[in-house]
Amino acid sequence: MQAQSTAQDFIPIIFQVIVALGFVVVTLVATHFLGPKRKTNDKLTTFESGIKVIGNARQPFSIKYFLVAILFVLFDVEVIFMYPWAVNFKELGWNGLIEMFVFMGTLLLGFIYILKKRALDWH
């Protein structure tokens, strides 16, 4: 028989959320009112990792930049699927090993396809 949850069971969770949100709001308000208010031209200019801004911000990027970024995310997410397999390696047995070889083969075929298409070349 399963125990049923009541509204009273969620009070600690609601209290924790309220305290966390309260901390964020109090911290933001306190730093706004208590912090120094020295506005200089240097502080009001656009900041991009310490590099002086040159030209228009809407300058087009090469599509290769975005392609490499998407491919990185794609292969990174596929590698994440290997962690649960590694944790449960003994329980999965031979079937799990064969399935991982199929998965790695598919991953390798995709990588070879990308190399053949020269998608990672910056020239």
Side-chain angles (χ1 to χ4, degrees):
M1 188 155 123
Q2 292 183 351
Q4 291 185 350
S5 297
T6 62
Q8 189 175 3
D9 296 334
F10 293 100
I11 289 176
I13 297 170
I14 294 169
F15 180 72
Q16 185 176 6
V17 169
I18 290 171
V19 169
L21 290 175
F23 176 75
V24 170
V25 169
V26 167
T27 304
L28 288 173
V29 170
T31 57
H32 180 70
F33 286 118
L34 300 176
K37 293 168 182 58
R38 291 183 225 118
K39 294 184 180 177
T40 63
N41 285 336
D42 286 337
K43 287 187 177 182
L44 296 176
T45 58
T46 305
F47 180 77
E48 184 65 39
S49 302
I51 301 170
K52 294 283 185 187
V53 177
I54 300 172
N56 188 359
R58 287 164 184 82
Q59 183 177 3
F61 281 95
S62 171
I63 193 68
K64 294 280 188 179
Y65 173 79
F66 296 107
L67 181 63
V68 169
I70 290 170
L71 291 173
F72 172 77
V73 170
L74 176 72
F75 283 106
D76 198 38
V77 168
E78 288 180 350
V79 169
I80 290 172
F81 284 115
M82 292 181 195
Y83 286 107
W85 173 79
V87 169
N88 297 316
F89 177 71
K90 287 184 180 179
E91 289 84 18
L92 295 174
W94 285 104
N95 287 336
L97 184 65
I98 292 169
E99 289 174 4
M100 184 49 71
F101 278 134
V102 170
F103 177 74
M104 291 296 294
T106 306
L107 188 66
L108 184 63
L109 283 174
F111 188 66
I112 291 170
Y113 175 78
I114 288 169
L115 290 177
K116 293 276 188 190
K117 287 288 189 176
R118 303 180 61 88
L120 300 177
D121 289 346
W122 286 94
H123 309 299

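Index from 1, following the sequence.
- Looking only at side-chain heavy atoms (C-beta outward), Trp94 and Leu97 come within less than 4.5 Å of each other.
- Transitive grouping of hydrophobic side chains (ILVMFWY, heavy atoms separated by less than 4.5 Å) keeps Tyr113 and Val68 in distinct clusters.
- Rounding to the nearest 0.5 Å gives a distance of 7.5 Å between CD of Glu99 and CG of Leu92.
- Checked against the 6.0 Å centroid criterion, the rings of Trp85 and Phe89 qualify as a close aromatic pair.
- No more than 12 heavy atoms of other residues, nucleotides or ligands sit less than 6.0 Å from atom CD of Gln8.
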In a table with atom names and distances, give each donor-acceptor pair under 3.5 Å that connects a side chain of residues 29-41 to protein atoms at least two apart or in another chain.
| residue | atom | partner | partner atom | Å |
| --- | --- | --- | --- | --- |
| Thr31 | OG1 | Thr27 | O | 3.0 |
| Thr31 | OG1 | Leu28 | O | 3.0 |
| Lys37 | NZ | His32 | O | 3.2 |
| Lys37 | NZ | Phe33 | O | 3.3 |
| Lys37 | NZ | Gly35 | O | 3.3 |
| Thr40 | OG1 | Lys43 | N | 3.3 |

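- No more than 12 heavy atoms of other residues, nucleotides or ligands shown are found within 6.0 angstrom of CZ on Phe23.
- Expressed to the nearest 0.5 Å, how far CZ of Phe111 lies from CG of Leu107 amounts to 9.0 Å.
- For the atom pair Leu71 CG and Leu67 CG, the distance stands at 4.5 Å (nearest 0.5 Å).
- Atom CG of Leu115 sits about 13.0 Å away from atom NZ of Lys117, to the nearest 0.5 Å.
- Under the 4.5 Å side-chain heavy-atom criterion for Ile, Leu, Val, Met, Phe, Trp and Tyr, Phe15 and Val24 are members of distinct hydrophobic clusters.
- Phe103 and Val73 fall within the same hydrophobic cluster, where Ile, Leu, Val, Met, Phe, Trp and Tyr residues are linked whenever their side-chain heavy atoms come under 4.5 Å apart, directly or through other members.
- Hydrophobic clustering of Ile, Leu, Val, Met, Phe, Trp and Tyr side chains at less than 4.5 Å, counting indirect connections, keeps Val25 apart from Ile14.
- At distances below 3.5 Å, at least one donor-acceptor pair connects side-chain atoms of Asn88 with backbone N or O atoms of Pro84.
- Across all non-hydrogen atoms, the minimal contact from Gln4 to Asp9 is O-OD2, 4.1 Å.
- Residue Met100 holds its CE atom at 10.0 Å from CZ of Phe81, rounded to the nearest 0.5 Å.
- No single ILVMFWY cluster, assembled from side-chain heavy atoms under 4.5 Å apart, contains both Ile11 and Val17.
- Atom-to-atom distance recorded for Leu74:CG and Ile114:CD1 is 6.5 Å, nearest 0.5 angstrom.
- Within 6.0 Å of CE in Met104 there are 12 or fewer heavy atoms belonging to other residues, nucleotides or ligands.
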